[in-house]
Amino acid sequence: MAIPTPRKTSTSRDLKSKKETTAQSAATKELKKQLLKEYKNAWDLNPADEHDFAFAFAEEYMAFLDQARTEREFVTLSVETLENMGFEPLQSKAKLVPGDKVYKNIRNKGLAIAVIGRQPAVTGFNLIGAHIDAPRIDLKANPVYEDGDLVYFKTHYYGGIKKYQWTAIPLSLHGVVHRADGSLLTISIGDRADEPVLTITDLLPHLGSEQMSKKATEVIRGEDLNVLISGIPFSDTETGGRFKLGLLNLLKEKYDLTEADLVTAELEIVPAFPARDVGLDRSMIGAYAHDDRSCSFPALVALTSVDRLEQTGVTFLFDKEEIGSEGNTGAKSKVYEHFIYELYAKQEDQPNQLDFYRLLENSRMLSGDVTNAFDPTFASVSDPRNNAYMGRGINYMKFGGSRGKAGTSDANSEFYASIINLMEENKIAWQTGELGKVDAGGGGTIAGYMANLGIEVIDCGVPVLSMHSPFEIISKIDLYHTFLAYKVFFQKMAR
Ligand code: MN
Ligand code: MN
């Protein structure tokens with residue numbers, strides 16, 4: 001059955017003057033502006049000189065990314081920066097007063113930083129938390145073996161990766177080895193142009209027909225992520241295992257290491273290419289570990305670029321988010337709560353538990369983490385009306401979780417609205433999106449662990465394309481507005 005076509009009749013409407021029509025459309029336009037929520041592209045919003053700031057901030061960020069390839073390197077570089085800016089170790093201070101700038105190094109893999117505000121601690125702190133670990137490939141305890149006249153590392157990958165994406169690309173090696181004599185060796189090999197890189201091999205297509213018919217999760221299996229490390233045998237042709245011995249001999253000569261030293265080492269394999277501008281307009285950045293350094297770097301810079309604060313500002317840089325925030329460097333650890341307590345106790349003559357609990361309940365937190373940017377090529381996994389878009393600014397996510405909001409921290413409307421007001425008042429581009437369709441999947445963040453302490457928390461951060469791949473993509477304008485949002489939060493968020 002066809003739908004009947006309405007009969008076209010001439011009405012007085014057609015005869016109205018053009019002037020009236022224009023007036024009416026202006027009124028409708030005004031009404032639409034009042035009633036509808038439109039998410040604008042942030043490149044359109046502010047004067048062009050903002051683009052220059054965004055590009056300049058991106059330069060700083062990219063330079064930092066190229067130096068901080070792992071959570072340990074992020075901490076080392078941050079501590080160096082903080083020390084240069086006059087921040088002091090919290091444990092070195094007996095008392096804290098407004099204006100004091102302190103930090104605590106959490107076992108070289110996490111970091112807590114604070115600027116003491118003028119308001120009493122019990123009125124609550126403004127906190128931003130983000131993670132500095134990223135998906136990668138770790139070495140096993142007994143990594144070195146030889147096969148086919150070559151030497152490899154056995155690995156166990158870290159975080160949620162598509163394993164096939166990590167083959168046939170240049171990789172670098174980072175981490176620490178504590179030798180038997182107690183000395184420490186810090187390793188970083190493969191990121192400078194004059195250094196060698198490592199790699200994981202893939203099968204040639206000529207022989208790949210069976211491989212290519214497998215499910216993508218099985219094309220490269222966990223035990224296939226073997227890192228190619230060397231190929232020159234030890235000179236004594238009479239001995240067995242010459243290729244492995246050749247490598248161990250090199251490790252001894254160059255780094256004074258034995259195979260036993262590797263057992264307790266923490267060695268991580270990450271992509272070996274630097275951050276690059278993406279797009280002919282250079283509007284985007286391609287790099288490893290935007291998740292979550294595109295939030296943790298702005299969180300660090302935001303706190304170090306404010307001077308006098310009303311409410312005490314705290315930045316937490318967490319480890320282990322990608323594998324569930326467990327352990328004494330992850331967001332579930334009491335060590336971060338202890339830091340808040342120490343900040344409180346060192347400002348009070350008679351600290352007491354009840355006031356500390358009040359402080360927590362009066363505190364507000366932005367949980368900085370990336371989200372998926374809408375990808376037209378893979379549109380079917382997203383609800384296009386409730387997904388973040390590249391270039392529309394910092395993305396707020398009231399809840400994460402999936403399939404019935406399972407496991408999420410759902411931000412309270414009262415708090416969320418106050419944050420959005422702050423964004424609007426300060427002309428910061430913001431948007432909102434969920435990570436994928438309701439039944440499609442989802443992701444966890446650190447928000448819940450902080451909310452469990454009684455703190456008001458909401459997730460927010462930068463939209464990312466190709467998340468968890470070796471080459472993730474973000475928009476420079478989103479990065480910049482995330483930085484602005486974090487800074488304004490420290491400067492102006494009041495109880
Ligand atoms: Mn993340
Ligand atoms: Mn992640």
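As the structure lists them, so they are numbered: ligands from 1, and atoms in each ligand from 1. No hydrogens, no waters, no symmetry mates; every other heavy atom, side chains included, goes into these values. Please read all numbers here as calculations on a predicted model, not as lab measurements.
With a 6.0 Å radius and a threshold of 12 heavy atoms from other residues, nucleotides or ligands, Y157 has its OH atom at or below the threshold. Within 6.0 Å of CZ in R276 there are 12 or fewer heavy atoms belonging to other residues, nucleotides or ligands.
Note on D291: its N/O/S atom closest to the Mn ion (ligand 2) is OD2.
At least one N, O or S atom of E322 sits under 2.8 Å from the Mn ion (ligand 2). Residue side and main chain included, H468 places an N/O/S atom under 2.8 Å of the Mn ion (ligand 2). Not one N, O or S atom of D369 sits under 2.8 Å from the Mn ion (ligand 2). Coordination check, C295 versus the Mn ion (ligand 1): failed, since every N/O/S atom of the residue sits at 2.8 Å or beyond.
Checked against a 6.0 Å centroid threshold, the rings of F55 and Y480 do not count as neighbours.
A salt bridge does not link K492 with E425: none of the charged nitrogens is closer than 4.0 Å to a carboxylate oxygen.
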- Message: side-chain contact (heavy atoms from CB on, under 4.5 Å), that's the test. Do D291 and E322 meet it? Break it down for me.
- Response: CA-CA 9 Å; D291 178 9; E322 294 294 354; 3.0 Å; yes
